[in-house]
2 protein chains.
Amino acid sequence: MVQATTLPRNETGIETVVGILKQQFGDRLQTGASVREQHGHTTTWIENQSPDAVVFPQTAEEVAQIVKTCALHKVPVIPFGTGTSLEGHVNAPAGGISVDVSQMNKILAVNAGDLDCVVQPGVTREDLNTHLRDQGLFFPIDPGANASLGGMASTRASGTNAVRYGTMKDNVMALEAVMPDGQVIRTAQRAKKSSAGYDLTRLLVGSEGTLGLITEITLRLQGIPEAISSARCSFPSVDAACQAVMMTIQYGIPVARIELLDALSVKAANDYSKLTLPETPLLLLEFHGSDAGVVEQAETFGQIAEEFGGSDFASTTSTEERSKLWQARHDMYWASLQLRPGASGISTDVCVPISRLAECVTAAQDKAADLGLVAPTVGHVGDGNFHTLLLIDMENEGEVVKAEEFVSWLNDMAISMDGTCTGEHGIGQGKRPYLVKELGAATTYMAAIKRALDPDNIMNPGKILPD
Amino acid sequence: MVQATTLPRNETGIETVVGILKQQFGDRLQTGASVREQHGHTTTWIENQSPDAVVFPQTAEEVAQIVKTCALHKVPVIPFGTGTSLEGHVNAPAGGISVDVSQMNKILAVNAGDLDCVVQPGVTREDLNTHLRDQGLFFPIDPGANASLGGMASTRASGTNAVRYGTMKDNVMALEAVMPDGQVIRTAQRAKKSSAGYDLTRLLVGSEGTLGLITEITLRLQGIPEAISSARCSFPSVDAACQAVMMTIQYGIPVARIELLDALSVKAANDYSKLTLPETPLLLLEFHGSDAGVVEQAETFGQIAEEFGGSDFASTTSTEERSKLWQARHDMYWASLQLRPGASGISTDVCVPISRLAECVTAAQDKAADLGLVAPTVGHVGDGNFHTLLLIDMENEGEVVKAEEFVSWLNDMAISMDGTCTGEHGIGQGKRPYLVKELGAATTYMAAIKRALDPDNIMNPGKILPD
């Protein structure tokens, strides 16, 4: 485990608030050690910092009540969705109250005519898509984990479909949120576009619970396409694969997914998912469109791939074959862990301009090799975003130091390429110094906004901004 | 003219600042009456409120110098692009310095491989597209006027292509801006997506110069599609046309443009552009894609249109025919004015969920008829956004009162339909009360952000937020 900064605790305030909320919420306030620890679970190498209590509200009014009580006594409020975030977002470095929205899991409206819906923050993306299927609609953002939509909004999540459908920033139309003073606001109406004032929707999306707690989300939906096809193609090198990606994007082929697996990842997928793919860099693609359209897209991609030495090109509209391929992609985390049983997986998340992608991925592979680290790489390469997963023996201190060196080196490298230290996971606790390296003076205005909206720093303290 | 609120003037400060800037900028600071009046030009019925001086910086450093001087003496700074905004954005209700960025008109970089470019704020969208054409690229946002890209970012502009390509919020990747204290920041790197901290890019986009002055813009570009086709179809009623639009969007046809002209607008276009269109509600469409794709899109639309009583359907890939049709659409403002020579055109800008569009447009037509106003309507109907243009004799006070009644009624109506008083023009001076009606308590947090970043209220005062 890597130690996280702790912040001063307001013991009296916390004790008072826990007492008040216990009265109000009864069994819906929990203080047992295991539930608290589970709510500080970081799914990463940052140590667990448990909240003092976990409360399970069911309405925005209840959330407002909780936040007002915490505001009065200056006690931290840490929003919790499913706990699948990767940067220590749900940790409680100053203690406080974890607000678990899992009981706020209603789909409040589906407006098929407007291609939008309104959901509570605890609805997961899989639940939403199951609900939508019968109406011929889907919500495209797919970060892999079955995350809550509130959490996805809070971290500005994206994933494999972002190359076509954008990220949460592009798909959240409006929010209801409880602000740090306990007031409930709506950030926008349900119109598809608006020039009405400051974009509080986009300010809250990606703010990781530090400016308010999301209690309702209006999401843009898509019609399920008439046809979906997928394709795969092997390449002689990461560079060749990335060149093909760049050309595909420049040609304007509206790929719905374009994912890179490096040779080591392909080996892991072959072993774990019983596949027989050539163990060289691989691109996996998905096309959405009309029957004729997806065939045309796949053909055009095939021609581009050939130009860059692609081989074993195969495309299919068979649902079964497609599912098998994408299941293997979704299982990459588990498959990769099997490359080194017993090791922990530490994910990086840099994103660079696509013209720098090949250089960045290749340099990362070389650096990992230099350090003697086992580090398979997969990437949402249409966006220039990739994850090198470090497989680390956390008991081996020398190895942990090397992993830290790698992470630091990679973040710096991405920033030097006009990229970011985080394409989709967020800043959380560990990446705060990189945010300052990346955006410099801009972070002082972020801090000014934080102070203006949350003067007592009660909303998810110790995240995003330096203390 | 409708009177605009004036704000207290800081006479001493203004005099001092004009003196200092005159020394620094020489001829690039102008104080003549006509140049001042031109820079307070509102292109609308709000009266002119001229700045005290107009300065023409050439670099971000010069802008920073100007803002620092103004900050020190608490003098208003009003950013100015091309002056084509419609809501009094460039007016100077407390006097101050208009910062005209027309000399900051360099295209700094075109990164074809990344489909992005970096421009200074004074570059106009037509200049940019002329520059890009040879590289097979274009910037899709088209608000009609040949606006500056800085101004378009500041008002969160959109226009006819937004249904496919989004608005400025979706196409600005990063900004360089001079903040109210004169510090220069960059809001994001050039990566296609990012989860790095608060989204200052989206906070500045649409902030109408009230939080900072944009000095550089990184824009997302598109490849010029292989094929472009256009189509038109007449409908028996606005309702039938809107139903066809809704079905088109639900079907997922990736229309690049889908514009409504009501019967009166068609009449105006026939007269002005020498066309012979049936004088009933008309949809104009444009499709972007592959050769086969655009044909397929047009055919599918044709079938939908037929279901809703569409007639005179015609589609074409001929550049000449297409240009003629879209030129007529772009000339609608001038064509409409000819319906009542001598009248002034006052544009409304509501945007509602598309399922409410037919009802809203029809109600607006009825209301205008009740009030005896000549009011043709055109709309970016794929987004639920439409402009009813009131043709008003500004010398006739009774008519001006009726026009004000109409505007107020329409804004309230749109808000009651979960829509917005402004789809793309912005709040500016006149719509400030509607912003409060629309977003209620959220506006108090907008005001808190404004105070935090601009405590002396020097950046474009009297816009967006109530005084």
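Chain A is the first sequence line, chain B the second, and so forth, proteins listed ahead of strands; every chain is numbered from 1.
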Structural part of [X] lying under 4.5 Å from a heavy atom of chain B:
| X | answer |
| --- | --- |
| A/D116 | neither |
| A/I464 | side chain |
| A/Q297 | neither |
| A/I415 | both |
| A/D383 | both |
| A/I249 | both |
| A/L439 | both |
| A/R186 | backbone |
| A/I354 | both |
| A/S207 | both |
| A/H380 | side chain |
| A/T444 | side chain |
| A/A112 | both |

Please determine, among [options], the option with the most heavy-atom pairs under 4.5 Å with chain B.
| options | answer |
| --- | --- |
| A/S355, A/G440, A/A292 | A/S355 |
| A/M168, A/K169, A/K463 | A/K169 |
| A/G384, A/P254, A/G293, A/S290 | A/S290 |

Note to self: Does B/D199 form a side-chain contact (heavy atoms from CB on, under 4.5 Å) with A/D199? I'd like the steps, not just the answer.
What the structure shows: CA-CA 9 Å; B/D199 192 344; A/D199 192 344; over 6 Å; no
Contact class of [X] relative to chain A, heavy atoms under 4.5 angstrom:
| X | result |
| --- | --- |
| B/C421 | neither |
| B/L115 | side chain |
| B/E438 | both |
| B/N385 | side chain |

What distance do [X] atom [atom1] and [Y] atom [atom2] have between them, rounded to the nearest 0.5 Å?
| X | Y | atom1 | atom2 | value |
| --- | --- | --- | --- | --- |
| B/S194 | A/D349 | OG | CG | 9.0 Å |
| B/I185 | A/Y445 | CD1 | OH | 6.5 Å |
| B/R190 | A/R356 | CZ | CZ | 8.5 Å |
| B/I449 | A/L211 | CD1 | CG | 8.0 Å |
| B/K192 | A/T420 | NZ | OG1 | 15.0 Å |
| B/M417 | A/Q189 | CE | CD | 12.0 Å |

Note to self: Please check if the number of heavy atoms outside B/R164 that lie under 6.0 Å from its CZ is greater than 12.
What the structure shows: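 Atom CZ in B/R164 is crowded, with more than 12 foreign heavy atoms closer than 6.0 Å.
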Notebook entry, point to check: Take atom OH in B/Y251; do more than 12 heavy atoms of anything else shown fall under 6.0 Å from it?
Noted result: no
Option in [options] with maximal non-hydrogen atom pairs under 4.5 Å from chain A:
| options | answer |
| --- | --- |
| B/G252, B/A196, B/A448, B/A174 | B/A196 |
| B/G223, B/P353, B/A441 | B/P353 |
| B/A442, B/G423, B/A452 | B/G423 |
| B/T201, B/D181, B/V184 | B/D181 |

Notebook entry, point to check: side chain to side chain donor-acceptor pair (under 3.5 Å) between A/T167 and B/K193: does it pass, once the steps are laid out?
Noted result: CA-CA 8 Å; A/T167 75; B/K193 64 179 197 183; over 6 Å; no
Margin query: Taking B/S195's backbone N and O only, do any of them form a donor-acceptor pair with A/T422's side chain (distance below 3.5 Å, no angle check)?
Written below: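 Flag not set: sc A/T422 to bb B/S195 has no pair under 3.5 Å.
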Next item on the list: Report the C-alpha distance between B/D170 and A/D170 in whole Å, list the side-chain angles of each, state the deciding distance to 0.1 Å, and finish with yes or no for side-chain contact (heavy atoms from CB on, under 4.5 Å).
Entry: CA-CA 7 Å; B/D170 308 297; A/D170 307 297; 3.7 Å; yes
Next item on the list: Run through A/M446, A/R202, A/E208 and flag the one making a side chain to side chain contact (heavy atoms under 4.5 Å, CB included) with B/Y198.
Entry: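 Output: one option passes, namely A/M446.
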